[in-house]
Amino acid sequence: MKENTYTPQMKDFLRQLKTNEWDSFSFVKGQLENGLISTKDLLRMIGDNHNLLDVGIVKEYLDQGLFTNAQLAEVGIDQRFLDMLAEWPEKYRFVDMPYGHTDITEYMDSEAVEVYFWGIPASGKTSVLGTILKAARTGNVLKCLNVKSGIGMRYYQYLKSVFDHDDCFLPARNPMDMIEPIRTVMTDQKGKDHSVNFIDLSGDLFSAIAWLESGSRELLMDRHIHSLDLLKKLLVFNRGEAPKYHFFIIEYSKEPRRFKGFYQDIYLETGMRYLIDNGVLNKPEDRLLVIVTKTDLVKDDIAPGQSEQEFLINFLNTSYCNLFKLIKRHCKVIGINGGKLPPPIAFNIGEVCFKYLCHIDITSANSVIPQLIARKKWWQIL
């Protein structure tokens, strides 16, 4: 690991940066001005981790003359991203996200498969969905993607505006109470139609489930409570004959991710228990899958001769041991996925720089689409 060659000051800087994540601009500037870290060392760390700082902070430091584009290029930042950086925020910026609080259950198609994405804030859920929809439109897996008008169309258009370009600015965090459906018909290469409804859930809503289940109701806002009621109605009281597919999104990181005091695995475990306790995953036709995002980061951690899949299975068994056991046991008891948990899906949306600038790659998304439209013994295609 490159961090092993860092000076004690650099290691201390990285440790403190994690604890000052929400005010990293002031923290880094203070470290530089007080001589606690040098510009040379900061640039070296940016070169080793292109997502050490977000685009707004890097742009501000460039404007203040703390370092230059030439210096960023010297430490390995691709010219593509430097060009995007030069046009930020005029061309590359956050796109306003439309969402509402409509009772979406009355609009859901009873015959359509429902696909849910579960994960904490910033785990990559919306980017996974955005690249899947891009691959469905532009890839060669499907003959056609049709998105139904009405509810969810504005959100689909939002994602399309973000991900349609190969170079894009990734979405900001979803609003804390967001539940957005996108109702689609996917036509496979044989001309057969498959109705698939995607439901994108705010990571904060997933966190609210953990607070509710742990008795920390005081952390919930009225908006959380309203959306949790809507979510329960959607999951529990809207049970049609069509199966529900649940993707647990886990962000790969060398150290456990924390959000508002809890580690990522606690939120995921609580969410899984919530689904079990409410009878959501009670049919063999339902599906449970684990997607590990940001897998471009594993390349420096894989041992010689070890495959990416072996590495990710070991990562989950080590860092998310109880969650992994919980999911595998439930699959066996109910008969979901043929009674087994398939290997984790390594998902990479492309090359990301400064946390938000992205050159999209739909390769991972192309591999997921067949699993959305396959039916009997679908796990055999993994």
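One-based numbering along the sequence shown.
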**Report entry** Pair D193, T187: side-chain N/O donor-acceptor within cut-off below 3.5 Å
**Finding:** yes
Query raised in the report: For the side chain of Q31 and the backbone of V28, is there at least one donor-acceptor N/O pair under 3.5 Å apart?
Result: no
Query - Aromatic centroids of F27 and F13 separated by under 6.0 Å - result: yes
Query - Donor-acceptor under 3.5 Å (S202 side chain, D204 main chain) - result: yes
**Report entry** Aromatic ring proximity F198/Y156, centre distance under 6.0 Å
**Finding:** no
Query raised in the report: Would you call the rings of F117 and F247 parallel, tilted or perpendicular, where under 30° means parallel and over 60° means perpendicular?
Result: parallel
**Report entry** Lys/Arg-Asp/Glu bridge criterion (N-O < 4.0 Å) met for K134, D166
**Finding:** yes
Query raised in the report: Does D188 pair with K143 as a salt bridge, N-O distance under 4.0 Å?
Result: no
Query raised in the report: Just by distance, do the side chain of T293 and the backbone of F347 share a donor-acceptor pair under 3.5 Å?
Result: no
Query raised in the report: Is it the case that T363 and N366 place a side-chain donor and acceptor less than 3.5 Å from each other?
Result: no
Query - Shortest non-hydrogen contact from L133 toward L145 - result: O-CD2, 4.0 Å
Query raised in the report: Side-chain donor-acceptor pair under 3.5 Å between E310 and N314, yes or no?
Result: no
Report summary line: On a heavy-atom basis, the closest approach of L72 and L85 is CD1-CD2, 4.3 Å
Query raised in the report: Same cluster or not: are L288 and I313 linked, directly or through other Ile, Leu, Val, Met, Phe, Trp or Tyr residues, by side-chain heavy atoms under 4.5 angstrom apart?
Result: no
Requested in this report: Show the numbers, then the answer: is there a salt bridge (Lys or Arg N to Asp or Glu O under 4.0 Å) between R44 and D41?
Outcome: CA-CA 5 Å; R44 178 186 170 189; D41 286 342; 5.3 Å; no
Requested in this report: Verify, without hydrogens or angle tests, whether E114 (side chain) and N197 (backbone) share a donor-acceptor contact under 3.5 angstrom.
Outcome: no
Query raised in the report: Closest heavy-atom contact between V280 and D286?
Result: O-OD2, 3.4 Å
Query - Reported CG-to-CD1 distance for the pair L234 and I199, which is rounded to 0.5 angstrom - result: 5.5 Å
**Report entry** Value rounded to 0.5 Å, distance of CD1 in I302 from CG in L312
**Finding:** 7.0 Å
**Report entry** Cluster overlap L82 with L66, hydrophobic side-chain contacts below 4.5 Å
**Finding:** yes
Report task. Give the cluster check for Y116 versus L230: same hydrophobic cluster or not, with ILVMFWY residues linked at side-chain heavy-atom distances below 4.5 Å. Result -> yes
Query raised in the report: Same hydrophobic cluster for V185 and I369, using side-chain heavy-atom links shorter than 4.5 Å among ILVMFWY?
Result: no
**Report entry** Lys/Arg-Asp/Glu bridge criterion (N-O < 4.0 Å) met for K232, D229
**Finding:** no
Query raised in the report: How long is the gap from CG on L235 to CG on L201, to the nearest 0.5 Å?
Result: 7.5 Å
Query - Any donor-acceptor N or O pair under 3.5 Å, side chains D200, Y155 - result: yes
Query - Polar contact flag, side-chain donor to acceptor under 3.5 angstrom, Q371-Y245 - result: no
Query - Stepwise side-chain hydrogen bond (donor to acceptor under 3.5 Å, both in side chains) check, Y320 with E269 - result: CA-CA 9 Å; Y320 299 89; E269 282 182 40; over 6 Å; no
Query raised in the report: Are a donor atom and an acceptor atom from the side chains of R287 and H246 found within less than 3.5 Å of each other?
Result: no
Query raised in the report: Should K160 and D164 count as an ion pair when the cut-off is N to O under 4.0 Å?
Result: yes
**Report entry** Approximate separation, where rounding is to 0.5 Å, of M84 CE and D78 CG
**Finding:** 10.5 Å
Query raised in the report: Hey, do the aromatic rings of F315 and Y252 have their centres closer than 6.0 Å?
Result: yes
